[in-house]
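This report refers to the structure that appears directly beneath it.
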Amino acid sequence: KAAPVIAIDGPSASGKGTVAGRVAQALGYAYLDSGALYRLTALAAKQAGVDWADESSVAKLAAVLDVEFSGNDIRLNGTLVGDAIRTEEMSAGASKVAALPAVREALLFRQRAFNTLPGLVGDGRDMGSVIFPKAPLKVFLTASAEARAERRYKQLIEKGFSANLPDLLADLQQRDARDSQRSVAPLRQEADARLLDTTHLTIEQAVNQVLAWSREVS
Ligand code: C5P
């Protein structure tokens, strides 16, 4: 029997990552931050001097991406990545390389390999639609664009980056549009995904809702 998967998809800065990580911890499941793979691909391309629009070259990099996840640490080619993949530049780069079908194909099996016992929580845009279509629990986690921009703003300020709220909102809306309108694996709520709108929820409330649903399906 395949290990159970909780697929959590949703737009940028919706809190998916935090919620998915905490749900995984509570259940003792593995955690796949699929967005990190697209961010790492964008970073690897930049480091190699490869243009983000060069589909075949970026896909080749994605296929041989030397990454290691351990706890909160991510290593690319043996070097700690830290916040280098969390900048607005890499957010935009990730969203650009993620629109290339050959790049998504190159990252497909790497993502499925995270599905080990006792279970997996995966977060991204296509966890429920493409990577783990048979997941017993699919959650579409979202929040208003304003609430998401504000959360991202606070995160960046806390990390010591400078940030501008109107710019962040505009970037986020642009990224949402690119993620929703692309032809491969567009961001959308699957018919069998449960909607979790966190605009007015705390992280804890969101985590508890996902845990309650996971008890329902197991
Ligand atoms: O989730 P995160 O913001 O880290 O993802 C960065 C970008 O990677 C997204 O804007 C999206 O374009 C892309 N992505 C994707 N499919 C996933 C996860 C992320 O296309 N499963």
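Note that ligands are numbered from 1 as they come in the structure, with each ligand's atoms numbered from 1 the same way.
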Discussion item. Take a 6.0 Å sphere around CD of Q205 and say whether it holds more than 12 heavy atoms from other residues, nucleotides or ligands.
Written reply: yes

Worksheet item: Between Q111 and ligand 1, is there a nitrogen or oxygen pair with a distance under 3.5 Å?
Response: no

Practice prompt. Please state which part of R178 comes within less than 4.0 Å of ligand 1, counting heavy atoms only: side chain, backbone, both or neither.
Written response: neither

Practice prompt. Answer yes if the ring centres of F114 and Y31 are under 6.0 angstrom apart, and no otherwise.
Written response: no

Practice prompt. Report the nearest protein non-hydrogen atom to atom 13 (C) of ligand 1: residue, atom name, distance rounded to 0.1 Å.
Written response: A98 CB, 3.6 Å

Discussion item. Just to confirm my output: which protein heavy-atom neighbour is closest to atom 8 (O) of ligand 1, and how far is it?
Written reply: Y38 CB, 3.6 Å

Fill in: Proximity winner for atom 19 (C) of ligand 1, if only heavy atoms of S12, G35, A42, G122 are counted
G35

Worksheet item: Taking N or O atoms only and a 3.5 Å limit, does S91 qualify as a polar contact for ligand 1?
Response: no

Worksheet item: Of all the atoms in ligand 1, which lie at a distance below 4.0 Å from a heavy atom belonging to A94?
Response: 6 (C), 7 (C), 8 (O)

Worksheet item: Which protein non-hydrogen atom lies closest to atom 4 (O) of ligand 1, naming both residue and atom, and how far is it?
Response: R39 NE, 2.6 Å

Worksheet entry | Side chain R104, main chain A98, donor-acceptor under 3.5 Å | yes

Worksheet item: Does the Q189 side chain pair with the main chain of A193, one donor and one acceptor, at a distance under 3.5 Å?
Response: yes

Discussion item. Does this structure show an ion pair linking K46 with E89, if we count only N-O contacts that are shorter than 4.0 Å?
Written reply: yes

Response to the item:
Under 4.0 Å from one or more heavy atoms of R182, ligand 1 contributes atoms 12 (O), 15 (C), 16 (N), 20 (O)

Worksheet item: At a 4.0 Å threshold, what atoms of ligand 1 neighbour a non-hydrogen atom of M127?
Response: 21 (N)

Worksheet item: Nearest to atom 16 (N) of ligand 1, what protein heavy atom do you find, and at what distance?
Response: R104 NH2, 3.0 Å

Worksheet item: Can you tell me if K138 uses its side chain to pair, donor with acceptor, with the backbone of I6 under 3.5 Å?
Response: no

Discussion item. Going by salt bridge (Lys or Arg N to Asp or Glu O under 4.0 Å), D176 matches just one of R125, R148, R182. Which one?
Written reply: R148

Worksheet item: Which of the numbered atoms in ligand 1 are below 4.0 angstrom from a heavy atom of K16?
Response: 1 (O)

Fill in: hydrophobic_cluster_shared for F109 and L120, side chain cutoff 4.5 Å
yes

Item to complete: Please confirm whether D33 comes within less than 3.5 Å of ligand 1 when only nitrogen or oxygen atoms on both sides are compared.
Response: no

Worksheet item: How does D179 reach ligand 1, if at all, at less than 4.0 Å between non-hydrogen atoms: by side chain, backbone, both, or neither?
Response: side chain

Worksheet item: Going by the order shown, which atoms of ligand 1 are within less than 4.0 Å of some heavy atom of R175?
Response: 3 (O), 6 (C), 9 (C), 10 (O)

Discussion item. Quick test of your reading of the structure: of G17, G10, S34, whose heavy atom lies closest to atom 18 (C) of ligand 1?
Written reply: S34

Worksheet item: Considering distance alone, does some N or O of D123 sit under 3.5 Å from an N or O of ligand 1?
Response: no

Worksheet item: Starting from atom 17 (C) of ligand 1, which protein heavy atom do you reach first, and at what distance in Å?
Response: R125 N, 3.3 Å

